[in-house]
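First listed ligand is number 1; within each ligand, the first listed atom is number 1. None of these values were measured; they are calculated from a predicted model.
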Amino acid sequence: MTRCVLGQNQYGKAENRVVKITRDGDTHHIKDLNVSVALSGDMEEVHRSGSNANVLPTDTTKNTVYAFAKRFGIDSAEDFGIRLARHFVDDTAPIHRARIRIEEYAWDRIDTPDGTPATGHSFVRRGQEIRRAQITYDGHSVQVLSGLKDLTVLNSTGSEFWGFLRDEYTTLEEDRDRILATTVSTWWRHTWDGTGAPAPDWDRSYRRVRTHALRAFAETYSYSLQQTLFAMGVRVLESCDGIDEIRFSMPNQHHFRSDLSPFGLTNDAADGAVYHAADRPYGLIEATVLRDGADQLIPADLTNL
Ligand SMILES: O=c1[nH]c(=O)c2[nH]c(=O)[nH]c2[nH]1
């Protein structure tokens, strides 16, 4: 029989999406990491015989990431990674090597036009959103839709969700202080139709819509993402002449507060909590907001394109 040997091997939990909010009065700070753990050591037996005696479960490595975020905070990706790596190797005899890989996502504060923060808890993810336009001309008039996508925003407080319908399948608990996060995808329709009046200043119009939508997101105390969406649309229509209709598609990017009670840790929102940022499934909230009397002309299926 051919004799085979075990070559390089490692294991652990990959892509732990950990969000830590630190509260300094009404000013919040956010650390948003994607942490992957890979451990190696005396792992001959688990591969050969199935004995798990030397295996620290990947589930434990995940719990450790969230518990350490709460217990020690996250000063920097490097500090956090060093602490985790040392713990796995120094405190677990069969583990001889730990590799911690971390991606960090940067957030800026949502500002007012004079550069002061709109609130202490409203953030926009760094990295440019994508601006877009769709122009249709039928030989008589022009229709201009403008839009944006990939604009990710987050409120670390000022959001609740409760009082919802319940049936025999409902398990969701009411939440009086949650993270509200979404990636805004939107189109808006200009009243200008290419006849008569000169064309709007498209760049200025874009900046105004973006600014007002962001400020409405930041400043709306929210009982649902639906309510926030509508407030954003109303603010845009009230602030921008020449726009009659705006449609949003907004995924509810759920942030679940980690249950750290098995490790003797409280994890209340009021003290600054650690969250697991789930990527799917997600709630998808979509709606059009119209000026009263305006026609609804933006196709519903355009929003996600
Ligand atoms: O803002 C929300 N709207 C919902 O419709 C909903 N449904 C849910 O489970 N969570 C939320 N959050």
Side-chain angles (χ1 to χ4, degrees), residues 17-21 23 26 28 30 32 66 105 107 109-110 118-125 129 147-188 209-210 212-238 246-260 267-270 272-290 296 298 300-304:
R17 291 283 290 101
V18 54
V19 173
K20 171 77 176 82
I21 303 295
R23 295 190 175 197
D26 288 340
H28 294 192
I30 182 169
D32 182 358
Y66 290 92
Y105 309 117
W107 295 82
R109 291 188 189 280
I110 295 178
T119 75
H121 59 261
S122 302
F123 302 90
V124 53
R125 203 163 124 171
E129 76 276 7
L148 62 79
K149 63 177 181 175
D150 300 343
L151 180 67
T152 300
V153 289
L154 180 149
N155 283 326
S156 53
T157 190
S159 168
E160 308 188 15
F161 190 67
W162 50 271
F164 41 83
L165 262 181
R166 290 191 169 274
D167 67 11
E168 69 265 44
Y169 302 113
T170 306
T171 57
L172 186 70
E173 288 178 19
E174 301 198 329
D175 203 340
R176 306 277 167 167
D177 190 353
R178 67 174 185 170
I179 284 184
L180 187 68
T182 186
T183 298
V184 179
S185 177
T186 176
W187 288 100
W188 55 92
V209 172
R210 184 184 186 281
H212 285 290
L214 279 179
R215 285 191 57 193
F217 176 84
E219 292 166 4
T220 301
Y221 192 96
S222 178
Y223 293 94
S224 67
L225 188 54
Q226 288 91 328
Q227 181 203 4
T228 294
L229 179 157
F230 189 72
M232 292 166 71
V234 168
R235 183 82 70 96
V236 168
L237 296 184
E238 281 177 352
I246 182 164
R247 182 167 177 83
F248 293 95
S249 177
M250 307 207 320
N252 191 357
Q253 287 159 334
H254 305 294
H255 285 65
F256 297 111
R257 216 170 320 132
S258 307
D259 177 10
L260 303 177
N267 194 28
D268 299 326
V274 172
Y275 298 82
H276 166 235
D279 64 342
R280 63 190 70 169
Y282 50 86
L284 184 59
I285 311 298
E286 303 181 290
T288 299
V289 186
L290 297 155
Q296 186 168 302
I298 301 176
D301 59 1
L302 191 63
T303 344
N304 282 316

- Which of the atoms of ligand 1 are close to Asn252, meaning less than 4.0 Å from one of its heavy atoms? 1 (O), 2 (C), 11 (C), 12 (N)
- Which ligand 1 atoms, with their elements, are less than 4.0 angstrom from a heavy-atom of Gln226? 1 (O), 2 (C), 3 (N), 4 (C), 5 (O)
- Item | Full working for salt bridge (Lys or Arg N to Asp or Glu O under 4.0 Å) between Arg176 and Asp268 | CA-CA 11 Å; Arg176 306 277 167 167; Asp268 299 326; over 6 Å; no
- Among non-hydrogen protein atoms, atom 9 (O) of ligand 1 lies closest to Leu172 CD2, 3.5 Å
- Verify the distance criterion only: is there a donor paired with an acceptor across the side chains of Asn155 and Ser122 at less than 3.5 Å? yes
- Query: Any chance the side chains of Glu219 and Thr119 put a donor and an acceptor closer than 3.5 Å?
  - Reply: no
- Check ligand 1 against Leu225 and write out every atom of the ligand that is under 4.0 Å from a heavy-atom position of the residue. 1 (O), 2 (C)
- Query: Does the side chain of Asp32 come under 3.5 Å of the side chain of Trp107 through a donor N or O and an acceptor N or O?
  - Reply: yes
- Under a 4.0 Å heavy-atom limit, does Arg178 contact ligand 1 with its side chain, its backbone, both, or neither? side chain
- Query: So which heavy atom in the protein is nearest atom 8 (C) of ligand 1, and how far is it from that ligand atom?
  - Reply: Phe161 CE2, 3.6 Å
- Item | Atom pair CD1/NE2 of Ile179 and His254 - distance to nearest 0.5 Å | 13.0 Å
- Message: Check the orientation of Phe164 and Phe161. Use parallel for under 30°, tilted for 30 to 60°, and perpendicular for over 60°.
- Response: parallel
- Message: If the cut-off is 4.0 Å to any non-hydrogen atom of Ser224, which atoms of ligand 1 fall inside it?
- Response: 1 (O)
